[in-house]
Every structure is written in structure tokens, then in C-alpha cells.
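One structure is given here, and the rest of the page talks about it.
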Protein chains: 2
Amino acid sequence: MLERHHLMILRAVKQEGSLTAAATQLCLTQPALTHAMRKLEQRLGTAIWNKEGRQLRLTQAGEYLLQTAERLLPQFEHAEDVVRQFAEGLRGTLRVGMECHPCYQWLLKVVSPYLKQWPDVDVDVRQKFQFGGIGALFGHEIDLLVTPDPLFRSGLHFEPVFDYEQVLVVADTHKLAAQSQVEPEQLAGETLITYPVEPERLDIFNRFLTPAGQSPRRHKQIETTDIMLQMVAAGRGVAALPRWLVVEYQNRLPIQPLRLGGKGVHKQIFLGSRVADSDVDYLNAFVNLARNPATNDGC
Amino acid sequence: MLERHHLMILRAVKQEGSLTAAATQLCLTQPALTHAMRKLEQRLGTAIWNKEGRQLRLTQAGEYLLQTAERLLPQFEHAEDVVRQFAEGLRGTLRVGMECHPCYQWLLKVVSPYLKQWPDVDVDVRQKFQFGGIGALFGHEIDLLVTPDPLFRSGLHFEPVFDYEQVLVVADTHKLAAQSQVEPEQLAGETLITYPVEPERLDIFNRFLTPAGQSPRRHKQIETTDIMLQMVAAGRGVAALPRWLVVEYQNRLPIQPLRLGGKGVHKQIFLGSRVADSDVDYLNAFVNLARNPATNDGC
DNA sequence: TTAAAGATGCTCGAACGCCATCACCTGATG
DNA sequence: CATCAGGTGATGGCGTTCGAGCATCTTTAA
């Protein structure tokens with residue numbers, strides 16, 4: 001069978017001009033090359049080269065194999081190089097899963113400097129998982145999970161990366177806008193806009209309304225943060241979002257953040273990873289960057 | 001070192017889904033594959049796959065190598081296929097050398113059906129040789145030589161492929177046009193047009209004029225047959241060409257062929273080849289086709 | 001519990017590389 | 001012109017190495 005080995009001999013003979021010199025290049029002896037090529041010739045059923053005087057002349061088959069060698073050998077060498085980069089953790093694809101809708105804006109601030117530091121790492125962000133974010137981690141759909149709900153379980157590692165306060169957003173013109181905080185019963189007559197997620201997983205329900213036995217008059221679900229805040233600004237409802245996100249949008253939209261209850265609802269975002277990956281440099285680098293973002297804006 | 005062998009294992013495992021099945025496909029045993037890949041992993045310094053439950057999950061390095069395998073292995077297989085065709089004489093490049101200017105028209109008639117019969121053979125026609133046609137054959141510049149001057153010498157084989165008569169061509173209006181033959185002394189006052197070749201190698205000189213001690217009034221050299229015959233038709237000179245060629249041009253130009261002397265000058269064209277190539281099918285096929293052309297028009 | 005997957009360690013044999021030598025060509029040298 | 005020396009690839013024998021197989025173990029999933 002035609003092997004990489006044979007292609008290397010062909011290329012070396014081409015480069016060096018003789019079998020003996022090629023053998024030196026390959027750290028072998030001339031008989032080794034002669035034997036190898038002779039065996040190949042027998043298997044292929046054709047001569048690779050003919051001896052003419054003291055030099056070798058390639059047959060047409062030999063010419064063709066040489067072309068093949070010049071094309072394939074660099075690909076072998078490049079593949080070994082790339083794999084070495086994988087081995088050293090210098091290259092890879094980082095698939096980040098998101099289980100926290102408003103975190104997308106925060107993630108962008110981490111990804112951007114990260115891509116500069118790790119030019120050979122591709123970052124891929126995914127938001128839909130067949131068996132949830134944890135399942136996606138276990139199933140190797142993703143390598144990192146951005147989530148507010150850590151699950152401390154063997155095989156996984158969760159690291160808090162930033163704290164934020166969940167607040168209620170209302171339009172400037174809303175009757176609650178003058179208050180600095182809001183109580184559960186004040187939402188009884190409101191339309192609540194949330195991301196399309198089961199209510200049990202929304203903080204506004206399980207840490208604010210449900211404990212007080214309250215619920216909003218209506219519950220609307222909207223995918224994107226932009227549209228959601230447009231609706232709020234237009235007085236079509238209220239929403240619950242991180243304070244830093246609301247502050248950012250206040251430049252552009254007439255909206256106000258209100259503390260949820262007397263103490264506010266405080267949350268942590270975690271980055272989850274498989275412990276099996278704990279020695280992958282480019283992955284740890286992402287977690288570190290997320291914990292101490294270069295463009296830390298205090299949120 | 002990364003070998004074809006390893007790539008084949010990767011591809012087989014991908015196809016079959018397990019090491020054991022892959023081993024069957026490759027006519028090996030499961031431990032053989034395990035050992036081979038383990039060794040590769042040690043050399044590369046990274047895992048190719050991890051065992052998860054009873055199935056293997058490729059690492060990123062493994063994924064990359066698999067991609068490499070799917071790209072490179074078909075190229076190996078194709079190369080072996082092509083070389084097998086070379087071995088069986090089904091494929092090659094046939095470089096034909098020409099030492100006989102008017103033979104080009106004849107050659108086209110042979111090449112055209114040949115290319116249909118041998119779709120995987122490329123034909124290349126060359127007309128300039130540093131050390132002459134014979135030298136080009138010996139030096140592997142060409143594989144076949146079309147020549148009127150065979151040189152029977154060890155290592156070469158010449159085969160007569162067609163006979164023709166060399167005739168003088170004159171314009172219809174030429175004073176000699178009425179004759180059916182011409183004598184050497186009748187050219188003393190004429191302008192003779194020939195291809196740009198040394199006169200000693202031109203039949204009109206060495207088999208007609210020189211033996212009679214004659215020479216033309218002027219001698220012009222022109223490269224192409226077309227222009228040469230245009231000149232003749234215009235009464236600007238006479239030329240010596242194969243009869244069949246003149247007959248062909250008579251449809252388009254007012255020209256006449258005249259026998260050279262009482263018996264005419266009869267020539268043979270030979271195809272020369274290296275005896276070392278005597279078992280190359282596509283080369284023999286060309287010689288056979290040349291000897292019995294499909295479109296044999298009696299010349 | 002069982003069947004099936006991969007991992008492991010040992011053994012054996014084929015193949016691969018090296019050494020010594022041969023055969024051949026080429027160019028220098030008398 | 002004959003000879004010789006240096007360098008090429010070819011060849012055959014030998015030793016080592018590497019690789020494949022066998023038997024067995026571990027783990028997983030049905």
C-alpha cells in the first residue's frame with residue numbers, strides 16, 4: 001500500500017538528487033530506501049524510476065506519485081502542527097451555551113477581548129438545548145455554560161463570574177416610576193413581559209411574586225431584549241431584567257429600574273464547565289476573563 | 001508520525017461506530033487498533049478520543065484528524081488507481097516529436113481517432129529538439145519520433161508507417177504545369193520554396209537536384225505549409241511536398257503536382273520509439289493506428 | 001447477570017533497517 | 001587508450017524492532 005513513507009522518499013530523492021543523499025536527509029541508509037521503493041513497485045506493478053547511468057529517471061507513474069507527494073505531505077505536516085496546537089491548548093473551538101437571556105449583552109463584552117487574546121480559538125454561542133444546559137455540557141454539545149442556576153454535581157464545575165440585581169423596568173410615565181422600589185401586590189394589575197421560559201425558572205416569579213401569592217394580570221413572552229424594552233417604554237407592560245442592562249438602555253429609552261421589594265432580588269451568574277476540561281488552557285482563560293473583564297463597568 | 005494507517009482507523013471507526021467493527025472492516029483485531037492509536041496519542045501528546053460509557057467520543061484533535069482523513073484518504077486511493085492505470089498502460093502522456101514538416105497534417109489524422117480510443121492518454125506534439133529527434137528520444141524528451149530518416153541503432157525501434165511520393169508543386173499557370181514530370185535542369189531558373197531546414201536534409205536537393213549537379217535560381221524558406229502553397233499558387237516559386245498533401249490542397253488552390261524525374265522520388269515515414277517502451281500499450285496502439293489509419297485515404 | 005465494548009500485557013513473527021558487498025558508470029590520470 | 005578511483009544504486013544476510021494477535025480484565029448498559 002502506498003504510505004506516507006514512500007511519498008517522503010520520493011520527495012527527498014527529488015530534493016537531494018540521489019538515493020544516498022535522500023537517505024541522509026531521512027536519517028536512514030540507502031539500502032533502506034531501495035528496499036522500500038522496490039517493494040512498493042512490486043505492489044503497484046510498475047517501476048517508479050529507472051536507473052540511467054548514475055542517475056534515476058522517474059517513470060510517468062513516478063512523476064505522478066511525486067506530484068502526489070508534493071501535494072499530500074504538506075497536508076500531513078500541517079495536520080500534525082494543528083494537532084500539536086490542540087495538545088498545547090493553543091487552538092480549539094469554544095462552544096458557549098447560554099441559559100440566561102439577558103446575559104448575551106454581557107457575554108459579548110467578554111468574547112470580544114478573548115478573541116484578540118486567542119486568535120486560534122473559535123467561539124460559538126448556542127442558546128437552544130435539547131436536554132437543558134447541563135445536559136448540553138454533559139453531552140459535549142457545549143464546553144461552557146452561562147447560567148444563573150448552578151448544579152453542583154460531580155463532573156461539573158461552576159464558577160461565579162458576576163453578581164447583579166434583578167429589577168423591575170417600567171416606563172418613565174408609569175404610575176410606579178416615581179417609587180424606588182415595588183411590592184408584589186403592586187403588580188397585580190400589570191402586564192408582565194418575560195423571555196419565553198417556564199415561569200418557574202423566572203426570578204420575578206419564584207423569588208418575588210410566588211412567595212407573596214401574587215401574579216400579574218397578564219403574562220406576555222418576547223424573545224429579544226430590544227423589543228421587550230420598546231414595549232415597556234411604550235407603556236405596554238413591565239419587565240424584570242438585570243439593573244446594569246436597564247441602566248445601559250436608559251440612554252436611549254424612557255425607562256426606570258425599580259428595586260424588587262425591600263432588599264431587592266440579587267443574583268449570580270455562573271460559568272459551568274466539565275472538570276475533565278480543567279486543564280484546557282483556552283477554556284480556563286475564558287473563565288478568568290469572565291471573572292475579571294477588561295472592560296469592567298461595575299455591573 | 002501520523003500515518004495513512006492511523007487515518008484509516010479514524011475513518012473506519014467513524015463509519016462503523018466502534019473499534020471492534022472497524023477492526024473487522026480493516027481485517028485486523030480490536031487490540032491492534034487500540035495499540036496503534038494509543039501510540040499515536042503518545043507521539044502527538046494529546047488524546048484522539050475518550051471512552052464514554054461504551055462509546056468513543058472524539059476530542060477536538062480527533063475531529064480534526066478525522067476531517068484530515070476524509071480529505072486525504074480518497075487522494076491516496078485515487079493515486080493508487082491512477083498508478084495502476086499507468087502500470088496497465090491505460091494512461092499516460094504520449095509526447096510525439098516531428099522531424100518532417102509536412103507530416104503534421106498526416107499526424108492530425110492519426111491523433112484524432114487515437115484520442116477517442118485512449119481518453120486517458122494526453123498527446124503532446126513537439127517540433128524543436130536541442131540534440132535532434134533521435135537525441136530527444138534517447139533523452140526522454142519525446143516518446144515517439146515521426147521522421148523520414150530512421151537510424152537503426154540499439155535501443156531504438158523504427159517502424160515504417162506510410163509511403164508517399166515527393167512531388168514538385170507549381171501554379172496552374174506555371175510554364176511547367178502542363179508536364180506530368182520535371183527534370184532537374186528545368187528548375188535552374190526557378191525560385192524554390194522549402195521549410196527552414198538545412199538543404200542536405202531536403203529530398204529535393206539530395207535525391208534530385210544535387211545528384212544532377214543542379215540548383216535553383218533562388219531558395220526561400222517558409223515555415224508553414226499554408227503560406228508556402230499560397231506563394232506557389234501566386235506564381236512566386238515552386239515547392240516540393242508529398243503528393244497526398246498537394247492533392248488535398250488542389251481543391252482550394254490552383255496548383256499542380258509534377259513527378260520528380262522519370263521514376264519520382266518515393267519516401268517512407270517512420271515512427272521511432274525506445275525499445276524500453278515496447279510494452280507500453282498506449283504507445284503501441286498509436287503505432288498501429290498510424291500504420292493502418294482509420295481514415296486511410298490511400299496516401 | 002450477561003453481552004459487548006475497550007484496555008492491557010504477553011508472545012511471536014514479519015518486516016524493516018543496517019552492514020557488507022557487488023555491479024556499474026563516470027571522470028581523471030598515466 | 002587503458003586503467004583506476006570514487007560514487008552511484010542493487011543485493012543478500014542478519015539482527016532488531018515494531019506490530020498484530022491472543023487471552024484476559026474492566027466497565028457499561030440492557
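Since this is a predicted model, take the numbers as computed values, not measurements. Only heavy atoms go into these numbers, but all of them, side chains included; no hydrogens, no water, no symmetry mates. Every chain is numbered from 1 and lettered A, B, ... according to where its sequence line falls, protein lines coming before strand lines.
Of the candidates dT11(D), dA15(C), dG6(C), the closest approach to any side-chain atom of Pro31(A) belongs to dT11(D). Checked against dG21(D), dC18(C), dA10(D), the side chain of Arg38(A) finds its nearest nucleotide in dA10(D). Looking at the side chain of Thr34(B), the nearest of the listed nucleotides dA5(C), dG12(D), dT8(C) is dT8(C). Counting only heavy atoms from C-beta on, Leu28(A) has its side chain closest to dC18(C) among dT8(D), dC18(C), dG19(D). In this structure, the nucleotide among dG9(D), dG17(C), dT11(D) sitting nearest to the side chain of Lys51(A) is dG9(D). With dG6(C), dC19(C), dG9(C) as the choices, the nucleotide that has an atom nearest any side-chain atom of Thr29(A) turns out to be dC19(C). Checking dG6(C), dC19(C), dG9(C) against the side-chain heavy atoms of Ser18(B) singles out dG6(C) as nearest.
Counting to the nearest Å, the C1' atom of dT8(D) and the CD atom of Glu16(A) are 15 Å from each other. In this structure, CZ of Arg43(A) is placed 12 Å from C1' of dC16(C), rounded to the nearest angstrom. The nearest whole Å value for the distance from the NE2 atom in His35(A) to the P atom in dT17(D) is 19 Å. For the pair Gln55(B) CD and dA30(D) P, the computed distance is 11 Å after rounding to whole Å. A straight line from CG of Leu56(B) to P of dA29(D) spans 13 Å, rounded to a whole angstrom. For Met37(A) and dC16(C), the CE to P distance is 13 Å, given to the nearest whole Å. Rounded to whole Å, atom C1' of dG9(D) lies 12 Å from atom CD of Glu41(A). Atom C1' of nucleotide dA5(C) and atom CG of Leu33(B) are separated by 13 Å, given to the nearest angstrom.
Closest-nucleotide positions on DNA chain C for Thr20(B) and Ala36(A) were compared, and the one nearer the 5' end corresponds to Thr20(B).
Between the side chain of Arg54(A) and the base of dT8(D) there is no donor-acceptor pair of N/O atoms closer than 3.5 Å. Not a single donor-acceptor contact under 3.5 angstrom links the side-chain atoms of Gln30(B) to the base of dA5(C).
With contacts defined as side-chain heavy-atom distances shorter than 4.5 Å, the pair Leu65(B)/Leu2(B) qualifies. The side-chain heavy atoms of Leu144(A) and Leu94(A), taken from C-beta on, include a pair separated by under 4.5 Å.
In this structure, Thr59(A) contributes its side chain and Ala47(A) its backbone to a donor-acceptor pair below 3.5 Å.
The side-chain hydrogen bond (donor to acceptor under 3.5 Å, both in side chains) test with Arg95(A) singles out one residue from Asp143(A), Asp124(A), Asp122(A), and that residue is Asp143(A).
Contact annotation: His5(A) reaches the phosphate of dG17(C) (side-chain N/O to OP1 or OP2, under 4.0 Å).
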field: Verdict with reasoning, Arg4(B) to Glu80(B), per salt bridge (charged side-chain N to carboxylate O under 4.0 Å, His left out)
entry: CA-CA 13 Å; Arg4(B) 176 176 183 181; Glu80(B) 284 176 332; 3.1 Å; yes
